[in-house]
Amino acid sequence: MRLAHYEPLSLSDFPGRLATTVFTVGCNFTCPYCHNPELVTAMEDTPQLTEDAFFAFLERRRGKLNGVCITGGEPTLHADLAGFVGRIRALGYAVKLDTNGSNPETLGHLLETGSLDYVAMDVKAPPSRYSDVTGNPYALVLAETSIRLLAQCDTVHEYRTTILPLLFSEVDVDNIARMLPPGSRYVIQNFVPTKTLDPNLLHARGFEPGDLETIADHTRLLYPLLHISTRGGI
Ligand code: SF4
């Protein structure tokens, strides 16, 4: 694994858990609003967190924390992810995976083997704009496959989309929701400008809280079988 760093304690990254969040290096998407650009553009010689240092931290926190959120970047790019997950679980931690859904093969393996306790999959854009938003021409078909895998599994999961007025309209959100199986949890996340991959978006704004709720209400009307919630930022 190429690890960048970890947040020792998060009360929000892993629902219902006191978790640490570990960030992996590298991504196969180039979402312009990405708030971890240093993970996307990282070079081979970018300083890394060693697995030894991370597991030493987990050993020290056993009994105090009960979850690990693996995020990125895109964690499924790493061939040894399954082993990494297994090692974390062997210490007694539940594992949540954040993924952009671009690696259904790895995701499917982790789901089949019951290796994950929670999955949050980003659904980046409506079908007609998926390649544009992600910068990856294969992203849509891979995401659709991952959505199907999650729909068929017993692992707790959610789909989520980060939106900002410059890139997404109410209709876009409706068309994303249409991609999701009935009964799914869908989280509409507001963009919070901190760092962005596209410097032109650094001063872009998120939605006003009231506008975000209006969008969510509209989508709920169209897709009453989805469990839709909103989140303030990423
Ligand atoms: S926001 Fe997009 S570019 Fe950034 S880590 Fe996630 S999938 Fe990759």
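Computed from heavy atoms alone, side chains included, the values below leave out hydrogens, waters and symmetry copies. Both ligands and their constituent atoms are indexed starting at 1 by order of listing.
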Trainee: I want to know whether Tyr33 and His35 have ring centres closer than 6.0 Å.
Mentor: no

Trainee: Mind checking whether Cys27 contacts ligand 1 via backbone (N, CA, C, O), side chain (CB onward), both or neither, at a 4.0 Å heavy-atom cut-off?
Mentor: side chain

Trainee: Less than 4.0 Å is my threshold; does some heavy atom of Asn36 fall inside it relative to ligand 1?
Mentor: no

Trainee: Spell out, as yes or no, whether a donor-acceptor pair under 3.5 Å connects the side chain of Asn36 to the backbone of Leu39.
Mentor: no

Trainee: Are Phe84 and Phe55 an aromatic pair, judged by ring center distance below 6.0 Å?
Mentor: yes

Trainee: How about Tyr138: does its OH atom have over 12 heavy atoms from other parts shown lying under 6.0 Å from it?
Mentor: no

Trainee: What protein heavy atom is closest to atom 2 (Fe) of ligand 1, reported as residue, atom name and distance in Å?
Mentor: Cys31 SG, 2.3 Å

Trainee: Answer with side chain, backbone, both or neither: which part of Glu74 has a heavy atom less than 4.0 angstrom from an atom of ligand 1?
Mentor: neither

Trainee: Which atoms of ligand 1 are found less than 4.0 Å from any heavy atom of Val40?
Mentor: 3 (S), 4 (Fe)

Trainee: Is Lys195 reaching over with its side chain to a backbone N or O of Pro37, donor-acceptor style, under 3.5 angstrom?
Mentor: no

Trainee: Taking 4.0 angstrom as the limit and counting only heavy atoms of Asn100, give me the atoms of ligand 1 inside it, by number and element.
Mentor: 7 (S)

Trainee: Could you tell me which non-hydrogen atom of Pro104 sits nearest to which non-hydrogen atom of Leu142, and how far apart they are?
Mentor: CD-CD2, 3.9 Å

Trainee: Specify the protein heavy atom at minimum distance from atom 4 (Fe) of ligand 1: its residue, its atom name, and the distance to 0.1 Å.
Mentor: Cys34 SG, 2.3 Å

Trainee: What residue and heavy atom of the protein are closest to atom 5 (S) of ligand 1, and at what distance?
Mentor: Gly73 N, 3.4 Å

Trainee: Where is the nearest protein heavy atom to atom 6 (Fe) of ligand 1: which residue, which atom, and how far?
Mentor: Lys124 NZ, 3.7 Å

Trainee: Dump the intermediate steps for side chain to side chain contact (heavy atoms under 4.5 Å, CB included) on Val173 and His218, then the final yes or no.
Mentor: CA-CA 9 Å; Val173 176; His218 184 261; over 6 Å; no

